[in-house]
Amino acid sequence: TAAATAAAPTVVRNAATAPGPSAPTVPAARPPVLAASPPVPTTPPPGQAIEPGTLTVGRLVLAEYKGGWYLAHVTSVKPHTCDIAWLRPQGNLWGTDAMSRYLCSTGADETLHGDNLPVPERVRLPDGPQKTAQAGNAGGVTAAAAGTPAPMASGHGANEPLDLLS
(Lines give C-alpha, C1' and ligand atoms only; values in the text may rest on other atoms or scores of the structure.)
Protein backbone atom coordinates (compact mmCIF):
# COMPACT_ATOMS: atom_id res chain seq x y z
CA THR A 1 0.00 0.00 0.00
CA ALA A 2 3.03 2.29 0.20
CA ALA A 3 3.08 2.46 -3.63
CA ALA A 4 -0.61 3.40 -3.71
CA THR A 5 0.01 6.16 -1.17
CA ALA A 6 2.93 7.53 -3.21
CA ALA A 7 0.80 7.68 -6.39
CA ALA A 8 -2.12 9.45 -4.67
CA PRO A 9 -2.46 13.18 -5.38
CA THR A 10 -1.26 15.62 -2.78
CA VAL A 11 -4.14 16.91 -0.68
CA VAL A 12 -4.44 20.02 1.39
CA ARG A 13 -6.73 20.01 4.43
CA ASN A 14 -9.26 22.77 4.70
CA ALA A 15 -7.82 25.09 7.35
CA ALA A 16 -11.30 26.15 8.47
CA THR A 17 -12.07 22.72 9.90
CA ALA A 18 -10.31 20.71 12.55
CA PRO A 19 -7.95 18.02 11.30
CA GLY A 20 -9.45 14.58 11.38
CA PRO A 21 -10.77 11.78 9.26
CA SER A 22 -13.91 13.65 8.19
CA ALA A 23 -12.23 16.94 7.21
CA PRO A 24 -12.84 17.91 3.58
CA THR A 25 -9.86 17.74 1.26
CA VAL A 26 -8.92 19.87 -1.73
CA PRO A 27 -6.42 18.77 -4.42
CA ALA A 28 -3.22 20.81 -4.43
CA ALA A 29 -3.29 23.70 -6.89
CA ARG A 30 -1.25 23.21 -10.04
CA PRO A 31 0.71 26.09 -11.50
CA PRO A 32 -1.01 27.67 -14.52
CA VAL A 33 0.24 26.63 -17.94
CA LEU A 34 1.44 29.70 -19.80
CA ALA A 35 0.92 29.93 -23.55
CA ALA A 36 4.12 30.08 -25.55
CA SER A 37 4.73 33.65 -26.65
CA PRO A 38 6.02 34.28 -30.16
CA PRO A 39 9.76 34.84 -30.42
CA VAL A 40 10.87 38.45 -30.26
CA PRO A 41 12.70 39.44 -33.45
CA THR A 42 16.36 40.14 -32.79
CA THR A 43 16.91 42.21 -35.92
CA PRO A 44 14.78 44.94 -37.48
CA PRO A 45 12.79 44.00 -40.58
CA PRO A 46 14.47 44.62 -43.92
CA GLY A 47 13.71 47.52 -46.21
CA GLN A 48 11.86 50.69 -45.34
CA ALA A 49 8.53 51.37 -43.68
CA ILE A 50 5.73 52.44 -46.01
CA GLU A 51 4.35 55.93 -45.46
CA PRO A 52 0.55 55.84 -45.02
CA GLY A 53 -1.30 56.51 -48.27
CA THR A 54 1.73 56.00 -50.55
CA LEU A 55 1.33 52.31 -51.45
CA THR A 56 0.14 51.77 -55.04
CA VAL A 57 -0.88 48.80 -57.18
CA GLY A 58 2.10 47.36 -59.03
CA ARG A 59 4.63 48.51 -56.42
CA LEU A 60 7.51 46.16 -55.64
CA VAL A 61 7.48 45.29 -51.93
CA LEU A 62 8.91 42.91 -49.39
CA ALA A 63 6.15 40.89 -47.75
CA GLU A 64 6.53 38.81 -44.60
CA TYR A 65 5.69 35.11 -44.44
CA LYS A 66 6.53 33.04 -41.35
CA GLY A 67 9.34 35.35 -40.29
CA GLY A 68 10.95 35.70 -43.73
CA TRP A 69 10.68 38.65 -46.13
CA TYR A 70 10.13 37.91 -49.84
CA LEU A 71 9.68 39.92 -53.03
CA ALA A 72 6.13 40.56 -54.19
CA HIS A 73 4.13 43.19 -56.00
CA VAL A 74 0.96 44.86 -54.81
CA THR A 75 -2.27 43.82 -56.56
CA SER A 76 -4.81 45.69 -54.40
CA VAL A 77 -4.62 48.44 -51.79
CA LYS A 78 -7.12 48.90 -48.95
CA PRO A 79 -7.01 51.42 -46.05
CA HIS A 80 -4.80 49.33 -43.71
CA THR A 81 -4.07 46.18 -45.73
CA CYS A 82 -3.09 45.13 -49.22
CA ASP A 83 -3.09 42.05 -51.42
CA ILE A 84 0.13 40.93 -53.05
CA ALA A 85 1.33 38.43 -55.63
CA TRP A 86 4.57 36.64 -54.79
CA LEU A 87 7.29 37.01 -57.40
CA ARG A 88 9.28 34.15 -58.92
CA PRO A 89 12.95 34.34 -59.90
CA GLN A 90 14.20 34.31 -63.46
CA GLY A 91 15.16 30.83 -64.64
CA ASN A 92 18.89 31.46 -64.45
CA LEU A 93 18.55 32.20 -60.70
CA TRP A 94 16.92 28.87 -59.92
CA GLY A 95 18.99 27.01 -57.33
CA THR A 96 21.25 29.97 -56.52
CA ASP A 97 21.52 32.02 -53.33
CA ALA A 98 19.45 34.76 -54.99
CA MET A 99 16.40 32.46 -54.68
CA SER A 100 16.22 33.20 -50.95
CA ARG A 101 14.46 36.48 -51.80
CA TYR A 102 11.50 34.58 -53.30
CA LEU A 103 8.72 32.74 -51.44
CA CYS A 104 9.04 29.72 -53.74
CA SER A 105 12.39 28.97 -52.05
CA THR A 106 10.47 27.96 -48.89
CA GLY A 107 8.21 25.40 -50.54
CA ALA A 108 5.14 27.45 -49.52
CA ASP A 109 2.20 27.65 -51.92
CA GLU A 110 2.68 30.93 -53.77
CA THR A 111 -1.00 31.10 -54.68
CA LEU A 112 -1.82 31.56 -50.98
CA HIS A 113 -0.71 33.86 -48.17
CA GLY A 114 -1.04 37.11 -50.13
CA ASP A 115 -4.45 38.46 -49.11
CA ASN A 116 -5.22 41.21 -46.58
CA LEU A 117 -1.66 41.66 -45.34
CA PRO A 118 -1.46 44.42 -42.70
CA VAL A 119 0.72 47.10 -44.26
CA PRO A 120 2.60 48.40 -41.24
CA GLU A 121 3.53 44.94 -39.93
CA ARG A 122 3.95 42.64 -42.95
CA VAL A 123 4.66 44.82 -46.00
CA ARG A 124 7.74 47.02 -46.48
CA LEU A 125 9.56 48.72 -49.32
CA PRO A 126 12.83 47.18 -50.49
CA ASP A 127 15.93 49.33 -50.18
CA GLY A 128 16.76 51.23 -53.36
CA PRO A 129 14.81 53.28 -55.91
CA GLN A 130 11.06 52.86 -56.42
CA LYS A 131 10.15 50.11 -58.86
CA THR A 132 6.85 48.90 -60.26
CA ALA A 133 6.00 45.66 -62.01
CA GLN A 134 6.50 45.97 -65.76
CA ALA A 135 6.13 43.55 -68.64
CA GLY A 136 9.44 41.94 -69.54
CA ASN A 137 10.93 42.87 -66.20
CA ALA A 138 10.09 40.33 -63.50
CA GLY A 139 8.02 42.35 -61.06
CA GLY A 140 10.06 45.47 -61.67
CA VAL A 141 13.23 43.83 -60.34
CA THR A 142 16.13 45.04 -62.42
CA ALA A 143 18.80 42.61 -63.59
CA ALA A 144 21.31 44.38 -61.34
CA ALA A 145 19.02 43.99 -58.30
CA ALA A 146 18.46 40.33 -59.13
CA GLY A 147 22.22 39.79 -59.38
CA THR A 148 22.29 38.89 -63.08
CA PRO A 149 23.65 40.74 -66.07
CA ALA A 150 21.09 42.28 -68.42
CA PRO A 151 20.78 40.49 -71.79
CA MET A 152 22.67 42.28 -74.56
CA ALA A 153 21.84 42.50 -78.23
CA SER A 154 23.94 40.20 -80.38
CA GLY A 155 24.75 42.83 -83.00
CA HIS A 156 25.15 46.58 -83.18
CA GLY A 157 21.56 47.61 -83.95
CA ALA A 158 19.16 48.51 -81.14
CA ASN A 159 16.25 46.81 -82.94
CA GLU A 160 17.92 43.41 -83.32
CA PRO A 161 16.54 40.48 -81.34
CA LEU A 162 18.27 39.65 -78.06
CA ASP A 163 20.39 36.50 -77.83
CA LEU A 164 18.89 34.90 -74.71
CA LEU A 165 20.83 31.63 -74.98
CA SER A 166 24.35 32.92 -74.48
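Closest non-hydrogen pair, T81 versus P118, comes out as CG2-CA, 4.1 Å. Scanning all heavy atoms of the two residues, the minimum distance from A72 to L87 falls at CA-CG, 3.8 Å. Residues L93 and A98 come closest through the heavy atom pair CD2-CB, 4.0 Å. The minimum heavy-atom distance linking L55 with V61 is given by the pair CD1-CG1, 3.9 Å. In terms of heavy atoms, A108 sits closest to Y65 at CB-CE2, 3.5 Å. Annotation for T111 and D109: closest pair OG1-OD1, 2.6 Å, computed over non-hydrogen atoms.
The side-chain contact (heavy atoms from CB on, under 4.5 Å) check on Q48 picks up L125, D127, with sequence neighbours excluded. D83 pairs by the salt bridge (Lys or Arg N to Asp or Glu O under 4.0 Å) definition with K78, not counting sequence neighbours. Under the side chain to side chain donor-acceptor pair (under 3.5 Å) criterion, D97 pairs with no residue, sequence neighbours left out. T54 pairs by the side-chain contact (heavy atoms from CB on, under 4.5 Å) definition with I50, E51, not counting sequence neighbours. The salt bridge (Lys or Arg N to Asp or Glu O under 4.0 Å) test applied to R124 returns no partner, not counting sequence neighbours. For E110, the side-chain contact (heavy atoms from CB on, under 4.5 Å) test picks out W86, R88, L103, C104, with sequence neighbours left out.
For the pair V77/V119, no side-chain contact is recorded, criterion being any heavy-atom separation below 4.5 Å from C-beta on.
The hydrophobic clustering, which links ILVMFWY residues whose side-chain heavy atoms are closer than 4.5 Å, places I84 and V57 together.
Pairs engaging residues 64-76 under the salt bridge (Lys or Arg N to Asp or Glu O under 4.0 Å) rule: E64-R122 [sequence neighbours left out].
Clustering of Ile, Leu, Val, Met, Phe, Trp and Tyr by side-chain heavy atoms under 4.5 Å joins L112 with none of the others.
Between H73 atom NE2 and T56 atom OG1 the span is 11.0 Å, to the nearest 0.5 Å. Summarising the geometry, atom CH2 belonging to W69 is positioned 15.0 Å from atom OG belonging to S100; distances are rounded to the nearest 0.5 Å.
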